Amino acid sequence: NTVATDNHITVRGSDWYFAVTAVMVVSTFVFMGLSFRKPRSQRLFHYITAAITLVAAIAYFSMGANLGWTAIRVEFERSDPKVAGLMRQIFYVRYIDWFVTTPLLLLDLLLTCGLPTPTIVYTILINEIMIITGLVGALVKSSYKWGYYVFGCVAFFFVAYTVVFEGRAHARALGNDILKTYTICGVWTIGLWFLYPIAWGVSEGGNVIASDSEAVFYGILDLLAKPVFGALLIWGHRNIDLARLGL
Ligand code: RET
């Protein structure tokens with residue numbers, strides 16, 4: 001089970017993963033630190049947001065240590081002799097991270113707009129379908145992988161619909177400051193989340209870019225989708241009393 005050198009992270013790739021780990025750790029401390037400026041009853045979003053960056057920190061630590069991956073044989077229909085029969089490094093630990101953190105990100109967002117609990121629950125369940133189909137598709141070597149990808153994309157459209165349409169309608173009813181915070185965080189989220197299936201398509205899916213490039217692509221997305229998103233959300237909540245959200 002050898003992975004050809006050009007399909008495996010290099011020392012630089014590993015350094016990059018550790019750098020992202022450091023940012024995630026620092027962000028976790030910042031979000032927890034900021035929580036102390038609020039009474040306990042007002043700390044829910046700080047806890048959720050810190051949990052997100054903490055889980056990501058551990059996932060990135062694993063990838064920096066070159067753990068949490070498996071090799072799949074890459075099947076090429078066009079037999080390019082340079083790449084045919086190679087193995088590709090698939091970091092399944094990403095999906096363990098996403099399985100935990102994407103529902104938490106949705107909780108941050110959907111609790112902010114005051115959606116009813118049943119809607120939040122089914123949106124999170126559909127989101128889990130998206131992550132698991134992405135994982136299974138990544139591990140499948142035949143072109144059936146794209147079938148899983150399609151299921152994942154359909155699930156994503158449902159999630160995006162809830163955030164963009166249902167969430168906004170509910171946020172509007174709660175007042176301008178909540179609508180503003182929700183809109184900023186919602187647009188940020190959906191804009192970024194759309195790029196993940198593209199990264200998947202050129203990495204786990206089509207094997208177009210090398211593992212180091214994959215590391216940079218997903219790494220930048222994760223930095224924007226977790227610490228930067230968290231900062232926007234916590235900032236937006238600075239003057240919002242959780243009682244207004246029924247929390
Ligand atoms: C996959 C492949 C299947 C189709 C789709 C995907 C979307 C993944 C997303 C991931 C978001 C991750 C985040 C991580 C934390 O920072 C699983 C790649 C649609 C949207 C926000």
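All figures in this text were calculated on a predicted structure; none of them were measured in a lab. For the single chain, residues carry numbers from 1 onward in sequence order. Read the numbers this way: they start at 1 and go in the same order the structure lists the ligands and their atoms.
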> Between Lys226 and Asp108, does any NZ, NE, NH1 or NH2 come within less than 4.0 Å of an OD or OE carboxylate oxygen?
no

> Backbone N or O of Ile9 within a donor-acceptor pair of the Gln89 side chain at under 3.5 Å?
yes

> If the condition is side-chain contact (heavy atoms from CB on, under 4.5 Å), which residues does Thr119 pass it with, not counting sequence neighbours?
Leu115, Pro116, Tyr122, Thr123, Thr162, Glu166

> Just checking, is any N or O donor in the side chain of Asp222 or Tyr196 under 3.5 Å from an acceptor N or O on the other one?
yes

> May I have all residue pairs that pass ring pair (Phe, Tyr, Trp, His ring centres under 6.0 Å) and include part of residues 223-243, sequence neighbours excluded?
Phe45-His237

> For Phe158, enumerate each residue passing the ring pair (Phe, Tyr, Trp, His ring centres under 6.0 Å) test, keeping only those at least two apart in sequence or located in another chain.
none

> Write down, by chain and number, every protein residue that brings a non-hydrogen atom to less than 4.0 Å from an atom of ligand 1.
Trp98, Thr102, Leu105, Met130, Gly134, Tyr149, Gly152, Cys153, Phe156, Trp193, Tyr196, Pro197, Trp200, Asp222, Ala225, Lys226

